[in-house]
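Remarks on the structure that follows.
For this chain, numbers begin at 1 and follow the sequence in order. From a predicted model like this one, the values you see are computed outputs, not experimental measurements.
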Amino acid sequence: MGRRERFSQYQWATWPDEGLVEAAAHLYMPAVTRVEQRLNSLTALVIEFDGEYFADVAQVKAKYEAYGHGVSGPRRALRLTWENRWEERDGGLNGGGVTVFHSERIFFLQTYEEFYAGPFGTFHPLEQGIKSSGLYEVVNDPDPWILEILRENNNTDTFPPYAPKVLEYDRETDTFSGGGRFASAETVSSRDYFWTGETEPTPEQRAEFDAAVKRNQEAQAALERSRPRYRHLFISSNSVMVEILCEGLPRWEWVEVEGDR
């Protein structure tokens with residue numbers, strides 16, 4: 001499947017973080033200026049895009065209507081960060097509460113230079129259902145990008161590469177099966193704990209530990225059930241397009257732009 005066929009199948013929706021979408025509306029001619037992926041790090045991906053900032057979004061609209069003429073605004077950037085993190089609730093596992101892990105793994109990442117981002121001869125991806133620069137989500141289930149990757153990579157037949165499976169590919173029959181985008185496990189197994197005291201734990205202490213581990217497993221499973229197994233996100237800008245298949249939504253913040261970019 002080529003990109004033209006894949007893009008033609010996409011079901012586009014607005015990026016699911018309304019706060020970020022509203023913030024981006026304050027930028028005129030936003031352009032992606034940084035894409036930094038990190039392996040073996042809690043911070044998995046950082047993306048920045050900046051443009052002229054206007055406190056009143058009506059000024060942004062007016063500048064587009066004037067084809068860029070008029071008052072210029074200061075340059076500001078939005079920084080998006082996908083970051084794995086631990087969250088301690090009610091004192092954490094060691095304090096009588098629970099400790100859950102927020103995984104923000106990046107499965108696939110591609111960029112397209114704006115001129116070719118159609119990505120086949122159109123100057124801007126209007127033909128693919130994107131009406132303007134902005135933040136989007138692809139909501140197909142199954143996802144055409146995952147289907148393409150599983151078909152074209154002989155080293156794996158499952159996505160994601162750990163249970164529960166969203167999709168599994170049978171190469172002999174060229175068919176797919178799996179739990180879909182919202183597949184989740186009822187429980188999440190944890191690592192075995194070990195005792196560091198000088199003497200073995202009493203039966204009462206062991207029962208207390210077992211109950212604490214079970215509470216933690218249930219809390220982790222509830223977190224996994226509360227969100228999709230993956231997100232297919234797309235940033236359409238005036239420099240490059242960024243397509244991301246990831247586990248969740250990034251946190252975001254405003255940052256000042258230093259010098260010319």
Side-chain angles (χ1 to χ4, degrees), residues 1-21 24 30 32 35-38 44-49 78 80-84 102-114 116-120 122 124-153 156-169 176-184 223-237 240-252:
M1 182 190 305
R3 279 187 291 170
R4 179 174 189 134
E5 181 182 354
R6 172 160 56 89
F7 270 54
S8 69
Q9 296 176 20
Y10 282 178
Q11 297 174 12
W12 299 99
T14 303
W15 189 288
D17 185 340
E18 294 181 0
L20 176 58
V21 173
V32 172
V35 179
E36 180 181 342
Q37 186 175 15
R38 304 174 185 175
L45 177 66
V46 178
I47 295 176
E48 291 181 4
F49 59 94
L78 282 165
L80 281 54
T81 305
W82 284 259
E83 187 171 41
N84 302 306
H102 295 261
S103 178
E104 300 299 347
R105 184 175 179 180
I106 305 300
F107 297 115
F108 311 126
L109 175 69
Q110 287 190 357
T111 60
Y112 312 102
E113 199 275 340
E114 195 269 351
Y116 294 104
F120 24 76
T122 56
H124 196 273
L126 293 171
E127 299 298 325
Q128 283 65 57
I130 301 178
K131 297 180 180 179
S132 62
S133 297
L135 304 166
Y136 299 90
E137 181 177 27
V138 178
V139 294
N140 301 64
D141 193 5
D143 188 282
W145 199 11
I146 300 175
L147 299 181
E148 176 184 294
I149 289 171
L150 290 181
R151 279 195 173 107
E152 295 183 355
N153 290 271
T156 181
D157 295 325
T158 62
F159 175 84
Y162 49 83
K165 298 181 181 69
V166 170
L167 275 177
E168 184 168 10
Y169 179 47
F176 292 88
S177 62
R181 187 175 178 220
F182 290 90
S184 64
L223 174 63
E224 300 299 333
R225 290 194 299 268
S226 69
R227 68 178 193 172
R229 290 282 289 150
Y230 67 88
R231 296 278 190 183
H232 184 169
L233 305 173
F234 195 92
I235 301 174
S236 174
S237 84
V240 297
M241 311 298 157
V242 185
E243 191 170 12
I244 314 146
L245 200 64
C246 53
E247 282 193 289
L249 298 173
R251 62 177 175 83
W252 59 272

> Within a strict 4.5 Å, meaning less than it, do heavy atoms of the Arg231 and Pro16 side chains meet?
Replying inline: yes
> Which distance, rounded to the nearest 0.5 Å, do you find between the CZ of Phe176 and the CD of Glu168?
Replying inline: 10.5 Å
> Please walk me through it: do Val138 and Trp12 pass side-chain contact (heavy atoms from CB on, under 4.5 Å)?
Replying inline: CA-CA 5 Å; Val138 178; Trp12 299 99; 3.7 Å; yes
> If you look at every heavy atom in Pro142 and Leu147, which pair is closest and at what distance?
Replying inline: CB-CD2, 4.1 Å
> Between Glu104 and Glu83, does a side-chain contact (heavy atoms from CB on, under 4.5 Å) hold up when you go through it step by step?
Replying inline: CA-CA 6 Å; Glu104 300 299 347; Glu83 187 171 41; 5.7 Å; no
>> For a quick test of reading the model, state the closest non-hydrogen atom pair linking Val242 to Ile244 and the distance between them.
In response: CG1-CG1, 3.8 Å
>> Test of understanding: with salt bridge (Lys or Arg N to Asp or Glu O under 4.0 Å), list the residues that count as partners of Asp141, not counting sequence neighbours.
In response: none
>> As an exercise, state the distance from CG of Leu245 to CH2 of Trp145, rounded to the nearest 0.5 Å.
In response: 6.0 Å
> Taking all non-hydrogen atoms of both residues, which atom of Leu80 and which atom of Trp252 are closest, and how far apart?
Replying inline: CD1-CB, 4.3 Å
>> Which heavy atom of Ile106 sits nearest to which heavy atom of Ala44, and what is that distance?
In response: CG1-CB, 3.8 Å
> Would you call Arg181 and Asp143 a side-chain contact if the rule is heavy atoms closer than 4.5 Å?
Replying inline: no
>> So Leu150 and Thr158, do their side chains get closer than 4.5 Å, heavy atoms only?
In response: no
> side-chain contact (heavy atoms from CB on, under 4.5 Å) between Glu243 and Phe7: does it pass, once the steps are laid out?
Replying inline: CA-CA 11 Å; Glu243 191 170 12; Phe7 270 54; 3.8 Å; yes
>> Tell me the closest heavy-atom pair linking Arg227 and Gly248, and the distance in Å.
In response: NH1-CA, 3.9 Å
>> Within this structure, what is the CG-CD distance for the pair Leu135 and Glu18, rounded to the nearest 0.5 Å?
In response: 12.5 Å
> How far does CZ of Arg229 sit from CG of Leu167, to the nearest 0.5 angstrom?
Replying inline: 11.5 Å
>> Contact between His102 and Glu247 at the side-chain level, heavy atoms closer than 4.5 Å - yes or no?
In response: no
> Taking C-beta and beyond as the side chain, do Thr111 and Val32 meet within less than 4.5 Å on heavy atoms?
Replying inline: no
>> Which heavy atom of Asn140 sits nearest to which heavy atom of Pro144, and what is that distance?
In response: CB-CD, 3.5 Å
>> Under a 4.0 Å threshold between the charged nitrogen and the carboxylate oxygen, would Glu152 count as salt-bridged to Arg6?
In response: no
>> Less than 4.5 Å apart, side chain to side chain, heavy atoms only: is that true for Thr81 and Pro250?
In response: no
> When rounded to the nearest 0.5 angstrom, what distance separates CZ in Phe49 from OG in Ser236?
Replying inline: 11.0 Å
>> Could you check whether any side-chain heavy atom of Phe107 comes within less than 4.5 Å of a side-chain heavy atom of Ile146, counting everything from C-beta outward?
In response: no
> How are the rings of Tyr230 and Phe159 set relative to one another: parallel (under 30°), tilted (30 to 60°) or perpendicular (over 60°)?
Replying inline: perpendicular
>> For Leu249 and Leu233: C-alpha separation, side-chain torsions, deciding distance, then whether side-chain contact (heavy atoms from CB on, under 4.5 Å) applies.
In response: CA-CA 9 Å; Leu249 298 173; Leu233 305 173; 4.1 Å; yes
> Does some side-chain heavy atom of Thr156 sit less than 4.5 Å from a side-chain heavy atom of Tyr169?
Replying inline: no
